[in-house]
Amino acid sequence: MEEDGAVTVYSGSAITDTKKNTFSIKVGIAQMLRGGAIAEVTTVNQAKIAESAGVCCLVVSEPKGPGISRMPDPSLIKEIKQAVALPVMAKARVGHFVEAQILEAIGVDYIDESETLALADEDHFVNKHNFRAPFVCGCRDLGEALRRVREGAAMVRTQGDLAGTGSIVETVHNVRKVMGDIRILSNMDDDEVFTFSKKIGAPYDIVAQTKQMGRLPVVHFAAGGIVTPADAAFMMQLGCDGVFIGSDIFNCSDPYKKVRAIVQAVRNYNDPHILAAASSGLEEAMGGLNLNENRVERFVSDETY
């Protein structure tokens, strides 16, 4: 860790000494995305649509296809950076620090060490303190989130559906699990924090800071299956700072209208009237399965009563 003790101070005055608080600077940069929607794009045209719809950042990725999924083509990233004025994020495989070096060299604003790509290293994550660019990492529970923060992640993305089915159930489960564990932690006696940090496999100092703050010490977004304005507002009301929108959102006749509706929902997530207006006139969000057979309760009629 670059700094002694605390990881960051989550406030407008987080950056106090630019020579010492390099991690705080990264966290401060990530804080600028709070309250926004981040759109995944695969083409320059999609990037322009997302920018005009009001997203706060773009994630550049390769179009989905068979085979190993890797870092996007650097020429595509450069082309998108020239076409839009938004911050640009790009994905690197988990543990692949050379992909991260390449992305930083071409000037991306954020690096997403993404489990949605193929794994490069099954045992190690990138040491994010070795990079100037802020990193985004995925998690499924509080322990995983705080381990990524220890490695230098300036933003945490609670990840749900990876299969692209449009199901939000995993995202909701994981976000509720993170938030529930934070509530449990916040109500603990200080003496219990040592055992709790050991139980979830996270560093004690960051667990203690999370208890003190009552939230994750970095920006917290949700991703996976968020395809409607209601989905986005749902994540915000559960306590997230923003949402990621998958590139599948552009597979419709009017992608601008759909992305704009989600952006409006994120900004006005507590106003049901605005949410109703944003949700009106949209196409069916996505096809695909929303339930698996293990989650379907089977009802059998009983004619004897």
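Contact of the Ile111 side chain with the Glu99 side chain is not registered, since no non-hydrogen atoms from C-beta on lie closer than 4.5 Å. Between Asp248 and Val227, every side-chain heavy-atom pair lies at or beyond the 4.5 Å cut-off. Residues Arg150 and Asp205 have side chains in contact (heavy-atom distance under 4.5 Å, counting atoms from C-beta outward). Residues Ile102 and Pro74 are in side-chain contact: their nearest non-hydrogen atoms beyond the backbone lie under 4.5 Å apart. A 4.5 Å side-chain heavy-atom check between His129 and Phe23 finds at least one atom pair inside the cut-off.
When atom types are taken as modelled, the side chain of Lys211 and the backbone of Met188 share a donor-acceptor pair closer than 3.5 angstrom. Remark: the backbone N or O of Gln159 is paired with a side-chain donor or acceptor of Asn174 at under 3.5 angstrom. Judged purely by atom type and a 3.5 angstrom limit, Gln237 uses its side chain to pair as donor or acceptor with the backbone of Tyr269. Glu113 places a side-chain N or O within 3.5 Å of a backbone atom of Val126 that can act as its donor or acceptor partner. Remark: side-chain polar atoms of Arg215 are paired, donor with acceptor, to backbone N or O of Val218 under 3.5 angstrom. No side-chain donor-acceptor contact under 3.5 Å links Arg148 to the backbone of Val156. Remark: the backbone N or O of Gly224 is paired with a side-chain donor or acceptor of Thr171 at under 3.5 angstrom. With Lys26 contributing its side chain and Lys128 its backbone, the two residues share a donor-acceptor pair below 3.5 Å. Not one N or O on the side chain of Tyr110 forms a donor-acceptor pair closer than 3.5 Å with the backbone of Ala154. Between the Asp121 side chain and the His124 main chain, a donor and an acceptor come within less than 3.5 Å of each other.
Ile274 forms part of no hydrophobic cluster, judged by ILVMFWY side-chain heavy-atom separations under 4.5 Å.
Phe221 contributes atom CZ, which lies 8.5 Å from atom SG of Cys57 (distance to the nearest 0.5 angstrom). Summarising the geometry, atom OG belonging to Ser280 is positioned 8.5 Å from atom NZ belonging to Lys257; distances are rounded to the nearest 0.5 Å. Put simply, CG on Leu146 and CD1 on Ile206 are 6.5 Å apart, with the number rounded to the nearest 0.5 Å. Between the CG atom in Leu216 and the CD1 atom in Ile182 there is a gap of 4.0 Å [rounded to 0.5 Å]. Between atom CE of residue Met71 and atom CD1 of residue Ile106 there is a gap of 7.0 Å, rounded to the nearest 0.5 Å. A distance of 4.0 Å separates CZ in Arg132 from CD in Glu104, rounded to the nearest 0.5 Å.
A salt bridge links Glu115 with Arg157: the distance from a Lys NZ or Arg NE/NH1/NH2 to an Asp or Glu carboxylate oxygen falls below 4.0 Å. Taking 4.0 Å as the cut-off between side-chain N and carboxylate O, Glu51 and Lys48 do not count as a salt-bridged pair. Under 4.0 Å is where a charged nitrogen must lie from a carboxylate oxygen, and between Lys177 and Asp141 no such pair does.
In this structure, Phe135 is not a member of the same hydrophobic cluster as Leu117, with clusters built from ILVMFWY side-chain heavy atoms closer than 4.5 Å. A chain of hydrophobic side-chain contacts below 4.5 Å, direct or via other Ile, Leu, Val, Met, Phe, Trp or Tyr residues, connects Leu58 to Phe250. Cluster annotation: Val94 is not connected to Phe131 through the hydrophobic network of ILVMFWY side chains, with a link wherever side-chain heavy atoms come within less than 4.5 Å. Both Val84 and Ile245 are assigned to one and the same hydrophobic cluster, defined by single-linkage of ILVMFWY side chains at heavy-atom distances under 4.5 Å. Using a 4.5 Å cut-off between side-chain heavy atoms of Ile, Leu, Val, Met, Phe, Trp and Tyr, with links allowed through other members, Leu238 and Leu275 fall into different hydrophobic clusters.
In the displayed structure, Gln212 atom CD is contacted under 6.0 Å by at most 12 heavy atoms of other residues, nucleotides or ligands. Taking a 6.0 Å sphere around CZ of Arg267, one finds it holds more than 12 heavy atoms contributed by other residues, nucleotides or ligands. Atom CZ of Phe97 has 12 or fewer neighbouring heavy atoms from other residues, nucleotides or ligands inside a 6.0 Å radius.
Of all heavy-atom pairs between Ala133 and Val108, the closest is CB-O, 4.4 Å. In terms of heavy atoms, Val178 sits closest to Cys139 at CG2-SG, 4.4 Å. Summarising the geometry of Ser279 relative to Pro229, their closest heavy-atom pair is OG-CB, 3.7 Å, with the distance given to 0.1 Å. Ser197 approaches Val207 most closely through the heavy-atom pair CB-CG2, 3.7 Å. For the pair Asp231 and Gly225, the tightest heavy-atom approach, listed with the atom from each and the gap, is OD2-O, 3.4 Å. Nearest approach of Gly107 to Lys81, heavy atoms of both residues: O-NZ, 3.0 Å.
Each of Val60, Ile80, Ile49 was checked for a side-chain contact (heavy atoms from CB on, under 4.5 Å) with Val44, and the lone residue meeting it is Ile80. Between Ile262 and the choices Leu282, Ile249, Thr228, the side-chain contact (heavy atoms from CB on, under 4.5 Å) rule is met once, by Ile249.
No side-chain N or O of Thr43 forms a donor-acceptor pair with one of Asn45 less than 3.5 Å apart.
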What do the steps show when you test Val175 against Cys240 for side chain to side chain contact (heavy atoms under 4.5 Å, CB included), and what is the final call? CA-CA 8 Å; Val175 169; Cys240 294; 3.8 Å; yes
Pair Leu86, Cys56 - check side chain to side chain contact (heavy atoms under 4.5 Å, CB included), show working. CA-CA 7 Å; Leu86 291 174; Cys56 65; 6.0 Å; no
Does the pair Leu142 and Met179 meet the rule for a side chain to side chain contact (heavy atoms under 4.5 Å, CB included), with working shown? CA-CA 8 Å; Leu142 180 60; Met179 298 301 184; over 6 Å; no
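Using cut-offs of 30° and 60° for the angle between ring planes, the Tyr204 and Phe194 rings count as parallel.
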